[in-house]
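Have a look at the structure below, then the notes.
Sequence positions, counted from 1, serve as the residue numbers for this chain. No hydrogens, no waters, no symmetry mates; every other heavy atom, side chains included, goes into these values.
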Amino acid sequence: MMTEPLRLGTRGSALARTQSQGMADLITQTTGRVVELVIITTRGDRIQDRPLPEIGGKGLFTLELETALRDGDIDFAVHSLKDLPTEDPEGLILGAIPQRVDPRDALVGSTVSGLQSGAVVGSGSLRRRMQLRSLRPDIEVSDIRGNVPTRLAKRDRGDFEATVLAMAGLIRLGIEREDIHPIDIESMVPAVGQGALAIQCRAD
């Protein structure tokens, strides 16, 4: 019986570590194997002063984890499924997709209809920005970077009237606020795979 801990690669944000620790605990409960988290910083984490579309698309938050997998530095990685490219990188597969949680986007700070004309809303996602502008052509949607607590802090100090976040991230972090307003999927279509996690491992 193998006794060495399994090494789980994860980004260092509070959300990434929370998601990964949940998977680590589940694997330990199921198999008895100890799982240790290995924190890996990605290009998307390092570059915080530029909008995501300017520095690349899919893979910004996964490339370094995939390299660590191929090199044998970790045994598997936990990603948000929406962050993964559509095709599996050579030599890697999706070993599991745990049960999906709420896939919707949410506006924090106001409802969509309650936004004042000219209000500034923060979002780091081109998809979300375009859909919000379609729903409310009279508002301004500006780029915002940072993890979930950082984005909420920017909203709370008045940088934005509201910000758009994934319901799944808010749920997994245990964040409950009266000003969280989920947006129905008929009004704002979520990203493919949003709300689901992906367990990535080597094909062998």
Side-chain angles (χ1 to χ4, degrees), residues 9-20 22-23 42-45 47-48 50-66 77-89 92-112 115 121-136 139-152 154-155 160 162-175 180-200:
T10 180
R11 294 167 57 203
S13 71
L15 178 57
R17 286 185 284 106
T18 298
Q19 292 176 161
S20 295
M23 292 301 99
T42 68
R43 185 165 183 258
D45 297 315
I47 303 174
Q48 290 289 321
R50 294 161 61 192
L52 290 175
E54 288 186 10
I55 58 176
K58 295 287 186 180
L60 269 178
F61 297 106
T62 61
L63 182 61
E64 287 82 355
L65 287 157
E66 290 169 352
V78 174
H79 305 280
S80 292
L81 183 58
K82 68 180 178 63
D83 291 336
L84 289 178
T86 305
E87 296 183 0
D88 287 328
L92 303 179
I93 61 170
L94 292 186
I97 298 176
Q99 185 174 358
R100 190 180 196 181
V101 298
D102 193 334
R104 294 175 296 174
D105 293 303
L107 198 60
V108 183
S110 172
T111 62
V112 173
L115 289 167
V121 176
S123 174
S125 160
L126 181 60
R127 172 189 61 82
R128 289 169 174 161
R129 292 204 298 270
M130 297 305 293
Q131 292 193 85
L132 265 180
R133 286 173 179 151
S134 177
L135 292 170
R136 290 292 305 270
I139 66 170
E140 179 182 345
V141 188
S142 297
D143 188 67
I144 186 173
R145 293 293 311 278
N147 57 31
V148 172
T150 297
R151 295 185 189 205
L152 290 175
K154 289 179 179 180
R155 187 270 154 198
F160 304 93
T163 186
V164 191
L165 294 166
M167 277 299 299
L170 296 168
I171 291 168
R172 290 190 176 111
L173 286 172
I175 295 173
I180 294 175
H181 303 283
I183 306 172
D184 65 86
I185 59 174
E186 287 77 19
S187 299
M188 182 173 285
V189 180
V192 174
Q194 184 162 304
L197 298 179
I199 312 301
Q200 190 179 46

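- Here Leu132 contributes atom CG and Arg127 contributes atom CZ; the two are 9.5 Å apart, rounded to the nearest 0.5 Å.
- Residues Thr86 and Val192 are not in side-chain contact: their nearest non-hydrogen atoms beyond the backbone lie 4.5 Å or more apart.
- Side-chain contact between Met167 and Ile180 is present, with at least one heavy-atom pair separated by less than 4.5 Å.
- Arg155 places no side-chain N or O within donor-acceptor distance of the main-chain N or O of Val121, the cut-off being under 3.5 Å.
- Rounding to the nearest 0.5 Å places CD1 of Ile183 at 9.5 Å from OG1 of Thr111.
- Nearest heavy-atom pair across Ala106 and Leu170 is CB-CD1, 4.4 Å.
- For the pair Met23 and Leu197, the minimum side-chain heavy-atom distance is below 4.5 Å.
- Residues Arg11 and Asp83 come closest through the heavy atom pair NH1-OD2, 4.2 Å.
- At a threshold of 4.5 Å between non-hydrogen side-chain atoms, the residues Val141 and Gln131 do not count as touching.
- For the pair Ile185 and Arg104, the minimum side-chain heavy-atom distance is below 4.5 Å.
- Val164 is not listed as a side-chain neighbour of Arg129, based on a closest heavy-atom distance of 4.5 Å or more.
- Ala168 and Gly195 make their closest contact through CB-CA, 3.6 Å (heavy atoms, listed as atom of the first residue, atom of the second, distance).
- For Thr163 (side chain) and Gly122 (main-chain N/O), a donor-acceptor pair under 3.5 Å exists by modelled atom type.
- Remark: Arg172 CZ to Gln19 CD distance equals 5.0 Å, nearest 0.5 Å.
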**Test log, rule side chain to side chain contact (heavy atoms under 4.5 Å, CB included), inputs Leu84 and Glu66** = CA-CA 10 Å; Leu84 289 178; Glu66 290 169 352; 4.1 Å; yes
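- Between Leu165 and the choices Ile144, Ile175, Asp105, Leu152, the side-chain contact (heavy atoms from CB on, under 4.5 Å) rule is met once, by Leu152.
- The distance from atom CG of Leu115 to atom CD of Glu140, rounded to the nearest 0.5 Å, is 12.5 Å.
- When every heavy atom of Pro103 is checked against every heavy atom of Pro190, the shortest pair comes out as O-CB, 3.2 Å.
- Under the 4.5 Å side-chain criterion, counting only non-hydrogen atoms from C-beta, Leu15 is in contact with Leu173.
- Between the side chain of Arg17 and the backbone N or O of Gly12 there is at least one donor-acceptor pair closer than 3.5 Å.
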